[in-house]
Amino acid sequence: MKNQITIREAVTEHDVTEFWEELCSYFVRDVFPDPKDGDREYFLGAQYRAQIEKLHDRPQDRCYYLFFRRDGQDIGFAMPVIYHTEDGKCFIMEFCVYPRFRGNGTGRECAVALLDWAREQGALYGELNYSSDERRRRFWQRVGFTENGADEWGEPLMLLPPAEEVPISVEILSDPGDWQLKKLENGFLQEIGEPALTEEQQKQLAQGISEGKITFFVAKRGYRAVGMCSVAGCFSSFACRENGVFDDFYIEPVFRGKGIARKLALTAQSWCEEKGLASLTVCCAPCDEKMYQSLGFGLHLGAAAAYVCKSLERK
C-alpha cells in the first residue's frame, strides 16, 4: 500500500553496517552536535558499540536494529529492547526519522508502527528516556506517552501506560544495590526539585540499608517497582525505645490513584508494630497533611506538620 510505513529488521551484515552508520550520523547531527560535548566521544566509540552489540546478540530480552520503510526506501530507524523475562516492557533506546523525510506526521506514523510491531513481539507497554529534550517530550506526549519519573542515572522517563491492570504487591527491599531503587529515588528527588543521586550517595544509601539503618518497602507491579517508602529507626528518649521515621514516599506518576500509597503505608506501619517500635512519625508539608491523615497518621505533633501514626502511639 502506497505511503504505508513498514518495519524491517537489520539482519544481514550489510544491513547492520548501514544501521550503525545511520546511528552514528544521528548522534553527530541530532544528539551531540557540539564536538566538545563530553558524551559524544563515548557514543561514537567502540565501548558503546560493544555494549549494544552484547544486548543485540543475547538470546533473551534482546535489542533490535530496525528500519522504517516507505515506498521502497528506508526513511528512519529505531533501536528498541523488549524485556520478555521482566514485565513485557519495550524500552525505546533510539528513534530517528531521516531529516529529508521529516514533517507531515511521518514521525508519528513511524512511532505508531514501532509500537504496533512491539505488541506483535509480545510487548505490553513502552518506555523511553527523553533526556530533558523539550521537543522530544512533546513528540512522545502526542503519541500517548506520559512523564514518569527518572531512571537510575537521573534522566527523565516517559511511559506509555499499560492497558491491563496487574495486582500490586509490597515487599521489603532485599538488594541494597537494586537498580530499581535508584530509579525510584531519582524520580522522588526529581519531583521535589533535588538533583539525582551521585555515585557516592548511592554507595552510602546501599551501606545504610545493609547495616539496617533504614528499611525500604517497594511496591511492585509484577517485576516492575512502581513505588516505595522507607522507615529509619532512631531512639526515642520519651518512650525509651526505638521509633521510626517514615520517608522516601513516592509512587511513579502513571501508577497513582490505584491504592498503592495505602498499601505501602499500611505495610510499613504493620512492620513497625511487629518490630515493637514506639511510634512511626512523618514530617510533611501542610498541603500533604490530609493525605497522611487518610493513611493512618493522625496525631499532630506541632507547627512543623509532623504526624505520628495513631495505631503505634496507643502502644
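These numbers come from a predicted model, not from an experiment.
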Whether T106 side chain and G103 backbone form a donor-acceptor pair below 3.5 Å: yes

Non-hydrogen side-chain atoms of D39 and F27 separated by less than 4.5 Å: no

Electrostatic pair R256-E191, nearest N-O below 4.0 angstrom: yes

Output field: ring centroids F19/F77 closer than 6.0 Å: yes

Intermediate values then yes/no, side chain to side chain contact (heavy atoms under 4.5 Å, CB included), V31 and D37: CA-CA 10 Å; V31 184; D37 192 315; over 6 Å; no

Under the salt bridge (Lys or Arg N to Asp or Glu O under 4.0 Å) test, residues paired with D15 that sit two or more places apart: R8

Euclidean distance, F43 CZ relative to E94 CD, rounded to 0.5 Å: 7.0 Å

Between CG on residue N148 and CD on residue E252, distance to nearest 0.5 Å: 4.5 Å

Side chains of residues 158-174: which donor-acceptor partners sit under 3.5 Å, not counting sequence neighbours?
{"residue": "E164", "atom": "OE2", "partner": "R221", "partner atom": "NH2", "Å": "3.3"}
{"residue": "E165", "atom": "OE2", "partner": "K258", "partner atom": "NZ", "Å": "3.3"}

Pairs satisfying ring pair (Phe, Tyr, Trp, His ring centres under 6.0 Å), at least one member in residues 253-275, at least two apart: F217-W271

Nearest-0.5 Å distance, CG of residue L189 to OH of residue Y250: 10.0 Å

Residue pairs, two or more places apart or on separate chains, that pass salt bridge (charged side-chain N to carboxylate O under 4.0 Å, His left out) and touch residues 21-34: D30-R102

With W179 via side chain to side chain donor-acceptor pair (under 3.5 Å) - residues at least two apart: Y223

Qualifying residues under salt bridge (Lys or Arg N to Asp or Glu O under 4.0 Å), relative to R49, sequence neighbours excluded: E53

Distance-only donor-acceptor hits, side chain of residues 111-126, under 3.5 Å, sequence neighbours excluded:
{"residue": "D116", "atom": "OD1", "partner": "R119", "partner atom": "NH1", "Å": "2.9"}
{"residue": "Y125", "atom": "OH", "partner": "D87", "partner atom": "OD1", "Å": "3.3"}
{"residue": "Y125", "atom": "OH", "partner": "D87", "partner atom": "OD2", "Å": "2.6"}
{"residue": "Y125", "atom": "OH", "partner": "R224", "partner atom": "NH1", "Å": "3.0"}

From CA spacing to verdict: side chain to side chain contact (heavy atoms under 4.5 Å, CB included), D288, V282: CA-CA 11 Å; D288 291 330; V282 62; over 6 Å; no

All side chain to side chain donor-acceptor pair (under 3.5 Å) counterparts of S131, not counting sequence neighbours: N129

Distance-only check: which donor-acceptor pairs under 3.5 Å involve side-chain atoms of residues 59-68, not counting sequence neighbours?
{"residue": "D61", "atom": "OD1", "partner": "H84", "partner atom": "N", "Å": "2.8"}
{"residue": "D61", "atom": "OD1", "partner": "T85", "partner atom": "N", "Å": "3.0"}
{"residue": "D61", "atom": "OD1", "partner": "T85", "partner atom": "OG1", "Å": "3.3"}
{"residue": "D61", "atom": "OD2", "partner": "T85", "partner atom": "OG1", "Å": "2.4"}
{"residue": "R62", "atom": "NE", "partner": "H56", "partner atom": "O", "Å": "3.3"}
{"residue": "R62", "atom": "NH1", "partner": "E9", "partner atom": "OE2", "Å": "3.4"}
{"residue": "R62", "atom": "NH2", "partner": "E9", "partner atom": "OE2", "Å": "2.9"}
{"residue": "R62", "atom": "NH2", "partner": "H56", "partner atom": "NE2", "Å": "3.4"}
{"residue": "Y65", "atom": "OH", "partner": "W20", "partner atom": "NE1", "Å": "3.4"}

Partner set under side chain to side chain donor-acceptor pair (under 3.5 Å) for E41, not counting sequence neighbours: none

From CG (D151) to NZ (K182), nearest 0.5 Å: 11.5 Å

Minimal non-hydrogen separation, I260 against A219, with atom names: CG2-CB, 3.5 Å

Whether S230 side chain and D247 backbone form a donor-acceptor pair below 3.5 Å: yes

Pair K203 + E199, salt bridge at N-O below 4.0 Å: no

Mutual orientation of the aromatic rings belonging to Y98 and F101 [parallel < 30°, tilted 30-60°, perpendicular > 60°]: tilted

Test item: N186 side-chain N/O and E155 main-chain N/O as donor-acceptor pair under 3.5 Å: no

Qualifying residues under side chain to side chain donor-acceptor pair (under 3.5 Å), relative to K213, sequence neighbours excluded: E211

Candidate pair L181 and L205, rule side chain to side chain contact (heavy atoms under 4.5 Å, CB included), full reasoning: CA-CA 10 Å; L181 174 64; L205 178 61; 4.2 Å; yes

Point-to-point distance, once rounded to the nearest 0.5 Å, from CE of M93 to CG of L128: 12.0 Å

Any V231 side-chain heavy atom under 4.5 Å of K275 side chain: no

Rounded distance (nearest 0.5 Å) linking atom OH of Y42 with atom CD of Q47: 5.0 Å

Donor-acceptor contacts under 3.5 Å from residues 139-147 side chains, at least two apart:
{"residue": "Q141", "atom": "OE1", "partner": "R137", "partner atom": "NH1", "Å": "3.3"}
{"residue": "E147", "atom": "OE1", "partner": "Y130", "partner atom": "OH", "Å": "2.9"}
{"residue": "E147", "atom": "OE2", "partner": "R137", "partner atom": "NH1", "Å": "3.4"}

